[in-house]
Amino acid sequence: MSAVRLRNLTLTYSRHPAVHHLSGEFAQGSMTAVVGPNGAGKSTLLGAIAGRITAATGSIELDTRREQIAYLPQQEALDRSFPIRAIDVVILGHWSKVGALRAIVPALRERALHALAAVGLTGFEQRSVSELSVGQFQRVLFARVLLQDAHLILLDEPFSAIDARTTADLLKIIRRWHDEARTVIAVLHDLEQVRAHFPHTLLIAREPIAWGETEQVLRRDNLLRARAMAESWDEQAPLCARGAA
Amino acid sequence: MTFYAALVQPFVEYGFMRRSLVACLALGIGCGPVGTLLVLRRMSLIGDAMAHALLPGAALAFVITGFSLLAMSAGGFIAAMIVALLAGAVTRLTSQREDASFAAFYLIALALGVMLISTRGSSVDLMHVLFGTILAVDDASLLLIAAVASTTLLLLAAIYRPLVVECFDPGFLRSVGARGAVYHALFLALVVLNLVAGFHALGTLMAVGLMMLPATAARFWVNEVWSLALVAGLIAFVCGFVGLLLSYHADVPSGPAIVLTAGALYLGSLLCGRRDSVLYRWWQQRQHRQA
């Protein structure tokens with residue numbers, strides 16, 4: 001049974017094609033790494049699944065409601081200078097329950113404190129996010145995802161510029177999500193990390209190169225093909241018509 | 001001169017001074033939180049541009065109806081919102097950044113407004129529209145400014161959470177299905193409403209002064225959204241109070257006196273504030289060297 005099904009999906013970024021003709025499915029409860037060269041369209045694909053980017057052609061079918069999706073963005077997408085405390089960021093994970101207007105009752109605050117404790121940040125509740133290290137801030141964002149209690153979890157470069165200890169701790173949390181039969185899709189760069197922890201991999205270079213079991217996908221010939229495609233990209237290319245009909 | 005004569009007597013003796021002070025209080029209540037969010041959203045210059053953009057609407061209303069409070073307010077609001085929408089549309093449809101398109105449209109709007117007023121009004125009218133006359137604020141204007149402040153607080157209370165999230169992590173808001181664009185548009189409407197209120201007191205060129213200077217000064221003292229809004233509102237009121245007294249005792253124009261007071265408080269905060277000011281940084285570096 002699939003959690004996410006892509007049908008001939010084409011996506012654009014800044015009006016230029018970023019992902020072409022991608023079809024396939026992420027199985028329910030699977031744990032998949034999305035890898036590829038820089039500019040391959042990995043984050044664009046994740047953003048589209050999260051509902052942040054509209055498909056140019058093709059479609060994305062989800063087997064879950066929008067409230068059951070948790071999306072962890074790249075840290076650069078967030079304003080770290082904004083005056084907000086760690087606990088307030090985590091509490092946003094209750095959005096599906098409180099929305100824009102409902103009050104944060106003590107029980108919800110308590111759960112947010114537990115989530116912070118689960119990522120090893122007890123005592124950091126009142127810290128402003130600007131006072132946290134990159135790793136600590138990533139733990140805060142993971143605590144927010146924990147609170148969202150989502151069926152589908154999308155992680156965009158979750159270990160970028162993170163120290164080894166934090167990476168190991170956060171990988172344990174991802175492993176636990178997988179054990180709980182949640183579907184996890186993560187954009188990653190470290191292929192050794194992918195081989196060690198992710199059973200499935202999607203390799204893209206604006207077009208799908210390979211999708212399946214990690215050892216099969218991360219073969220030398222596939223990686224060379226992805227690299228060759230990256231070197232031949234035309235950044236100003238128009239959308240192609242293949243399969244659009 | 002006694003303390004009473006310097007600080008209290010002008011407001012006890014003259015009704016226009018009391019009305020002006022209440023106008024400053026109401027402007028501070030509305031502009032404090034709106035200015036804070038403008039600064040946090042890195043839209044300070046866009047606020048300035050929108051203050052100027054309301055001029056052609058107010059000017060057109062002036063040409064048609066004369067000095068009608070409601071017509072000039074409505075005209076100013078509509079003109080500034082049109083400029084905001086046009087600038088947003090240009091950013092979406094072309095590769096031009098929003099600050100550049102705002103600058104282009106507000107310059108066109110400002111020139112158009114000055115030209116419209118010149119066709120019918122005198123240079124005194126033009127000065128009134130450009131720099132305001134807070135000492136001439138009547139009861140109707142005062143009610144309008146107070147109504148804008150009340151609306152601002154109520155609407156901000158309703159959209160506070162999504163506004164903060166949209167500012168800090170817009171992607172999260174989109175991923176949970178909330179419509180960030182709606183909150184952004186409501187916030188822009190609040191900005192324009194407060195600028196229209198400020199326009200009646202301080203004119204189109206100074207209206208943004210009580211919105212931006214207190215909010216930027218507050219950043220050097222506190223570091224939470226609610227406390228920033230509170231301190232910014234308080235600074236705006238203090239600037240109104242001091243500026244009015246300065247204007248009364250030194251016989252200088254009241255609008256520029258208020259904005260200059262706000263400017264002085266900003267510079268003082270920049271130098272001596274307890275967070276990230278010049279003095280604070282120097283002290284921290286000194287402590288670091290001694291450690």
Side-chain angles (χ1 to χ4, degrees), chain A residues 14-16 43 46-54 65-85 88-104 126-131 137 140-141 144-145 147-148 150 152-156, chain B residues 33 36-44 91-97 154-184 186-187 215-216 218-232 275-276 284:
Chain A
S14 297
R15 300 185 191 89
H16 297 298
S43 296
L46 214 63
I49 297 171
R52 301 176 60 189
I53 298 166
T54 310
R65 288 175 291 127
R66 174 78 42 214
E67 308 89 75
Q68 289 297 337
I69 300 174
Y71 173 73
L72 185 128
Q74 290 181 33
Q75 286 205 13
E76 296 82 64
L78 281 72
D79 181 2
R80 287 279 307 276
S81 67
F82 193 85
I84 187 167
R85 294 173 305 170
D88 294 324
V89 176
V90 178
I91 281 174
L92 291 176
H94 286 309
W95 187 275
S96 63
K97 298 181 187 73
V98 297
L101 283 172
R102 282 190 289 279
I104 311 289
Q126 303 302 321
R127 292 268 190 102
S128 174
V129 294
S130 60
E131 295 166 4
F137 185 55
V140 168
L141 294 179
R144 183 173 76 180
V145 174
L147 271 198
Q148 286 184 271
L152 174 60
I153 297 168
L154 309 169
L155 310 169
D156 197 354
Chain B
T36 297
L37 286 163
L38 263 182
V39 172
L40 291 176
R41 293 164 78 88
R42 300 167 195 255
M43 290 171 62
S44 307
T91 309
R92 276 193 299 278
L93 298 173
T94 70
S95 59
Q96 191 157 56
R97 289 169 63 96
L154 286 172
L155 190 56
L156 273 185
I159 64 171
Y160 177 80
R161 193 180 291 155
L163 262 189
V164 165
V165 181
E166 211 237 340
C167 202
F168 162 68
D169 184 1
F172 177 79
L173 203 61
R174 281 199 294 276
S175 71
V176 294
R179 293 183 179 175
V182 173
Y183 297 112
H184 183 68
L186 283 172
F187 177 67
T216 44
R219 284 286 269 167
F220 293 106
W221 297 102
V222 287
N223 191 34
E224 279 187 278
V225 181
W226 69 269
S227 54
L228 282 166
L230 191 70
V231 171
R275 288 191 65 258
D276 217 28
Q284 274 205 324

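Chain letters run A, B, ... following the sequence lines, proteins first, then strands; residues in each count from 1. For the numbers below, each heavy atom of this structure counts, side chains included, while hydrogens, waters and symmetry mates do not. Computed from a prediction, not measured in an experiment: that's the story for all the values here.
- Taking both residues in full, the closest heavy atoms of Ser81(A) and Arg219(B) are given as O-NH2, 3.8 Å, listed atom of the first, atom of the second, then distance.
- The candidate from Pro83(A), Gly51(A), Ala77(A), Gly99(A) with the greatest count of non-hydrogen atom pairs under 4.5 Å with chain B is Pro83(A).
- With a 4.5 Å cut-off on non-hydrogen atoms, Val164(B) touches chain A through its backbone and its side chain both.
- Residues Asn223(B) and Ser128(A) share a closest heavy-atom pair of ND2-OG, 3.8 Å.
- Neither the backbone nor the side chain of Tyr160(B) comes within contact range of chain A, judged by heavy atoms closer than 4.5 Å.
- Within the 4.5 Å cutoff, the side chain of Phe82(A) has no heavy atoms near those of the Asp169(B) side chain.
- When Val89(A), Asp88(A), Ile69(A), Leu92(A) are compared by the number of non-hydrogen pairs under 4.5 Å with chain B, Leu92(A) comes out ahead.
- The number of heavy-atom neighbours closer than 6.0 Å to CZ of Arg275(B), taken from other residues, nucleotides and ligands shown, is above 12.
- In terms of non-hydrogen atom pairs under 4.5 Å with chain B, the most contact-rich of Ile84(A), Leu78(A), Val98(A), Leu154(A) is Leu78(A).
- Between Asp79(A) and Cys167(B) the shortest side-chain heavy-atom distance does not fall below 4.5 Å.
- In this pair, Trp95(A) and Phe172(B) present their aromatic rings perpendicular. The plane angle is above 60°, beyond the 30 to 60° band.
- Looking at Val129(A), the atoms closer than 4.5 Å to chain B (heavy atoms on both sides) all sit in the side chain, from C-beta outward.
- Heavy atoms of Val165(B) lying under 4.5 Å from chain A belong exclusively to its side chain.
- The contact between Leu101(A) and chain B is made by backbone and side chain atoms together, counting heavy-atom distances below 4.5 Å.
- For Arg179(B), the CZ atom is loosely surrounded, since the number of other residues' heavy atoms within 6.0 Å does not exceed 12.
- Looking at Leu228(B), only its side chain comes within 4.5 Å of chain A, counting heavy atoms on both sides.
- Contacts between Ala100(A) and chain B at a heavy-atom distance below 4.5 Å involve backbone atoms as well as side-chain atoms.
- Proximity to chain A is absent for every atom of Leu163(B), based on heavy atoms less than 4.5 angstrom apart.
- Nearest heavy-atom pair, Arg102(A) versus Arg161(B), reported as atom, atom and distance to 0.1 Å: O-NH2, 2.8 Å.
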